[in-house]
Every structure is written in structure tokens, then in C-alpha cells.
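Here is the structure we will look at.
Count residues from 1 along the sequence.
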Amino acid sequence: MSSHEDERALLEDTLLQNDGSGQYTKDGSVDSKGKPALKNKTGQWKACSFVLGTFFCERLAFYGISTNLVNYLLDTLHEGTVDAATAVTNWKGTCYLTPLIGAIIADTYWGRYWTIASFTIVYLIGMGTLTLSASVPALEPAACVDSVCPKATTAQYAVFIAGLYLIALGTGGIKPCIWPFGADQFDDSDPQERVKKGSYFNWFYFSQNIGAIIASSLLVWIQDDVGWGIGFGIPTAVMGVCIASLFLGTSLYRFQKPGGSPLTRICQVLVASFHKRNLKVTDDSLLYETQDISSAIAGSRKLEHSNELRCLDKAALVSDAEIECGDFSNPWRLCTVTQYTNNYKAKAQL
């Protein structure tokens with residue numbers, strides 16, 4: 001009788017593991033103490049709400065500065081139209097380049113959470129500097145007299161530019177990390193959580209658009225009709241709320257460990273593919289993947305083989321020489337399916 005009960009208990013445990021309803025997550029995530037993440041105490045919407053609040057505040061702050069920035073340069077700093085447009089264009093271009101820095105730091109060293117946390121502080125310092133430049137009379141050029149409008153001094157303009165580019169650096173650490181960090185709160189191995197992750201992305205873009213609408217309407221009106229000091233001060237205060245929202249949810253988050261430099265892994269895929277360029281892939285099932293439950297890349301789950309860029313499949317093809325010596329540990333000669341799918345095929349498609 002006891003043997004039947006043991007078999008039934010074993011069967012129930014197996015079913016629980018297969019349907020993703022175990023006690024712990026299966027995607028390698030950990031809690032704030034570095035222990036395996038418990039499903040019922042971490043992640044999902046209770047953690048994701050803080051992430052969405054952080055993103056909403058950051059987007060409202062960013063658009064609250066960027067939307068009306070040309071008018072600030074024209075009306076307050078007395079820049080010419082061409083110079084003002086050029087300055088804003090250069091700054092926005094920088095805002096799209098700095099996420100490369102944030103992404104590399106997050107993937108290689110700090111992880112997403114600490115990258116976001118660190119760069120939000122830089123962001124807040126930049127916002128505060130910009131608010132001071134619009135509020136302190138000594139940091140603003142003199143008012144126009146008739147048609148004569150003195151330009152900002154070098155020191156005044158330097159304070160303004162310093163604040164602006166600190167914001168550009170800050171947003172570079174947030175933009176590439178915030179949306180995947182929110183997605184990390186849902187375990188793909190659990191069918192129910194996988195469905196919730198789809199809803200998360202809907203709310204993510206909704207938060208972004210609501211922040212942009214409020215900034216482009218209410219904050220622009222305040223800046224034009226009330227004053228630039230309070231018009232920049234409100235986004236600065238919102239950025240403070242952004243940081244508070246992020247830290248308040250710390251005990252609820254699920255964290256993925258940094259997986260090392262993605263640039264190195266991309267180079268490994270290219271080198272391994274070139275080294276085996278004369279080999280042919282006859283069967284996709286022969287492509288190399290670790291036998292462990294988790295991926296060989298820290299912070300990443302295993303990915304299935306895809307049919308795009310099949311020339312890269314050779315990076316995961318086990319050669320006769322590797323079979324003979326039994327050494328599969330050199331990533332410059334043999335890559336896993338997850339490695340080249342995650343680090344090259346997906347990025348090449350993007």
C-alpha cells in the first residue's frame with residue numbers, strides 16, 4: 001500500500017514540475033537575498049506594479065524636459081533657432097546612444113536592477129541641475145531689453161549642458177533595462193505567468209504613452225504660462241518618485257544574474273562559425289546544447305533553435321575532433337544553441 005502511495009506522490013511531483021507550478025521559479029531568477037525566487041512571494045504583478053510606476057515616472061520626466069526644450073533655449077537662453085535645434089538634436093541623439101552603455105554594464109557587471117538604480121540617481125542629479133539653471137537668476141542670462149537679448153555666459157550654458165547630458169546618461173541606464181527587468185518578474189516555464197507577461201507589455205507601453213501625454217500637455221503649459229523653474233521642478237520631483245517606486249519593490253523583485261559580455265559571446269559565435277565553415281549541418285537535433293536544466297549563460301533561459309541565419313548553426317555543430325577528445329568547453333570553437341540564438345540571431349533580426 002505504501003509503495004502505491006509513494007508512486008502516486010512521485011507522479012504528482014512530476015506533474016507539478018511539468019506544469020510550472022512548483023515552489024520556486026525555473027528560469028534561474030533569485031530574490032533580493034540571492035536565494036532561489038519563491039513564486040508566491042516574488043515577482044508577478046505585485047512586483048511589476050513598482051516597475052511600471054518607475055517607468056511611468058521616468059517617461060513623464062524625460063518628455064517633460066525634451067518636448068519643450070527648443071523653446072527654453074530660444075526664450076530663456078536666447079539661442080538662435082538653428083543653434084537651439086542643433087543642440088536639442090545632438091542631445092536626443094546622445095539619448096539614443098547611451099543605452100548601449102547601460103545594456104553592456106547590466107549584462108556584464110551589475111545586472112538590470114542595480115544598473116537602473118544607479119543611473120536613476122545620475123538622472124535625478126541631472127534633473128536637479130537643469131532645474132537650478134532655470135530657477136537661480138545667476139544661472140540665467142539677463143532679460144531682453146527691447147530687441148536686445150544677451151546670450152547665456154559660458155558658465156551659465158555649461159551648467160545647463162551638464163544637467164542635460166547627465167539626463168542623457170541616466171536614461172541610457174534605464175531604457176535598455178527597465179522593460180526586460182519587468183519581464184523578469186514572470187516565469188516563462190509557468191503557462192499562467194507566461195500569459196501575464198503578454199499583458200505586462202501592454203501596460204508597459206500604456207505607461208509610456210500616458211507619461212508622454214501628460215508631459216506634452218500639462219507640463220508644457222506650465223512651462224510656457226507659469227514658469228520654467230516650476231516647469232522643470234515638477235519632472236525633477238517625479239524623478240524622485242521614480243527612484244522611490246523602484247526601491248520600494250526591492251523585496252518583491254526577481255533578479256537575473258549578469259550573464260557576461262554579450263559582445264564577447266557574439267564574437268565567439270562568429271569565430272566558431274568561421275572555423276567550421278566547411279562543415280554541413282545535416283540534422284538540427286545534432287546541434288550542441290547543455291544537458292543541464294538551466295542555460296550555460298547566467299541570467300538566461302534555454303532557447304529553441306530558429307531557422308533564421310542558418311549559416312550560424314555551424315557554431316553549435318559538434319565536430320569529429322571534439323567528439324574524439326570529448327572537450328566541449330571552448331566557446332570559441334563550440335557554442336550552444338542558446339548562445340547564438342540569444343546573442344546573435346535575435347540581435348541581427350532587430
Item to check | Residues Gln156, Lys151; criterion side chain to side chain contact (heavy atoms under 4.5 Å, CB included); working and verdict | outcome: CA-CA 9 Å; Gln156 291 169 341; Lys151 286 191 174 183; over 6 Å; no
Item to check | side chain to side chain contact (heavy atoms under 4.5 Å, CB included) assessment of Leu164 paired with Leu69 | outcome: CA-CA 10 Å; Leu164 209 57; Leu69 195 55; 3.7 Å; yes
Item to check | Steps toward side chain to side chain contact (heavy atoms under 4.5 Å, CB included) verdict (Tyr157, Leu73) | outcome: CA-CA 10 Å; Tyr157 196 73; Leu73 285 162; 4.2 Å; yes
Checklist entry - What do the steps show when you test Ile116 against Phe55 for side chain to side chain contact (heavy atoms under 4.5 Å, CB included), and what is the final call? => result CA-CA 10 Å; Ile116 296 170; Phe55 183 64; over 6 Å; no
Checklist entry - Could you walk me through whether Cys242 and Cys57 pass the disulfide (SG to SG under 2.5 Å) check? => result CA-CA 5 Å; Cys242 167; Cys57 292; 5.8 Å; no
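Side-chain atoms of Leu38 and Tyr24, non-hydrogen and from C-beta on, do get closer than 4.5 Å to each other. A 4.5 Å side-chain heavy-atom check between Val226 and Trp221 finds at least one atom pair inside the cut-off. Proximity of Leu77 to Pro141: side-chain heavy atoms (C-beta onward) are separated by under 4.5 Å at one or more points. Counting heavy atoms from C-beta outward, Met239 and Glu58 have side chains that approach closer than 4.5 Å. At a threshold of 4.5 Å between non-hydrogen side-chain atoms, the residues Thr98 and Tyr165 do not count as touching. For the pair Trp114 and Ile105, the minimum side-chain heavy-atom distance is 4.5 Å or more. Put simply, the side chain of Trp45 reaches to within 4.5 Å of the side chain of Lys196, judged on heavy atoms. Here the side chains of Tyr72 and Ser133 are in contact, with some heavy-atom distance below 4.5 Å.
Relative ring orientation between Tyr113 and Phe255 is described as perpendicular, the plane-to-plane angle rising above 60° on a 0-90° scale split at 30° and 60°. Under the 30°/60° scheme for interplanar angles, the aromatic rings of Trp179 and Phe201 are found to be tilted.
When every heavy atom of Ala168 is checked against every heavy atom of Thr94, the shortest pair comes out as CB-CG2, 4.0 Å. Contact between Pro235 and Ala61 at its shortest, heavy atoms only, is O-CB, 3.6 Å. For the pair Trp228 and Asn71, the tightest heavy-atom approach, listed with the atom from each and the gap, is CZ2-C, 4.0 Å. Nearest heavy atom pair, residue Gly126 against residue Ile167, reads C-CG1, 3.8 Å. For Thr236 against Thr131, the heavy-atom pair with the smallest separation is OG1-OG1, 2.7 Å.
Rounded to the nearest 0.5 angstrom, Asn90 CG and Cys95 SG are separated by 11.0 Å. Leu219 contributes atom CG, which lies 9.5 Å from atom CG of Asn68 (distance to the nearest 0.5 angstrom). Atom-to-atom distance recorded for Phe186:CZ and Thr25:OG1 is 13.0 Å, nearest 0.5 angstrom. Asp184 contributes atom CG, which lies 10.0 Å from atom SG of Cys48 (distance to the nearest 0.5 angstrom). In this structure, the separation between CD1 on Ile234 and CE on Met127 is 10.5 Å, given to the nearest 0.5 Å. The OH atom of Tyr200 lies 8.5 Å from the OG atom of Ser207; values are rounded to the nearest 0.5 Å.
Aromatic pair Phe62/Trp91: centroids less than 6.0 angstrom apart. Less than 6.0 angstrom separates the ring centroid of Phe206 from the ring centroid of Trp203.
Heavy-atom neighbours of Tyr96 OH from other residues, nucleotides or ligands within 6.0 Å: at or below the threshold of 12. Other residues, nucleotides and ligands contribute only 12 or fewer heavy atoms inside 6.0 Å of the CD1 atom of Ile230. Within 6.0 Å of NZ in Lys41 there are 12 or fewer heavy atoms belonging to other residues, nucleotides or ligands.
Under a 3.5 Å cut-off, the side chain of Thr54 and the backbone N or O of Leu246 do form a donor-acceptor pair.
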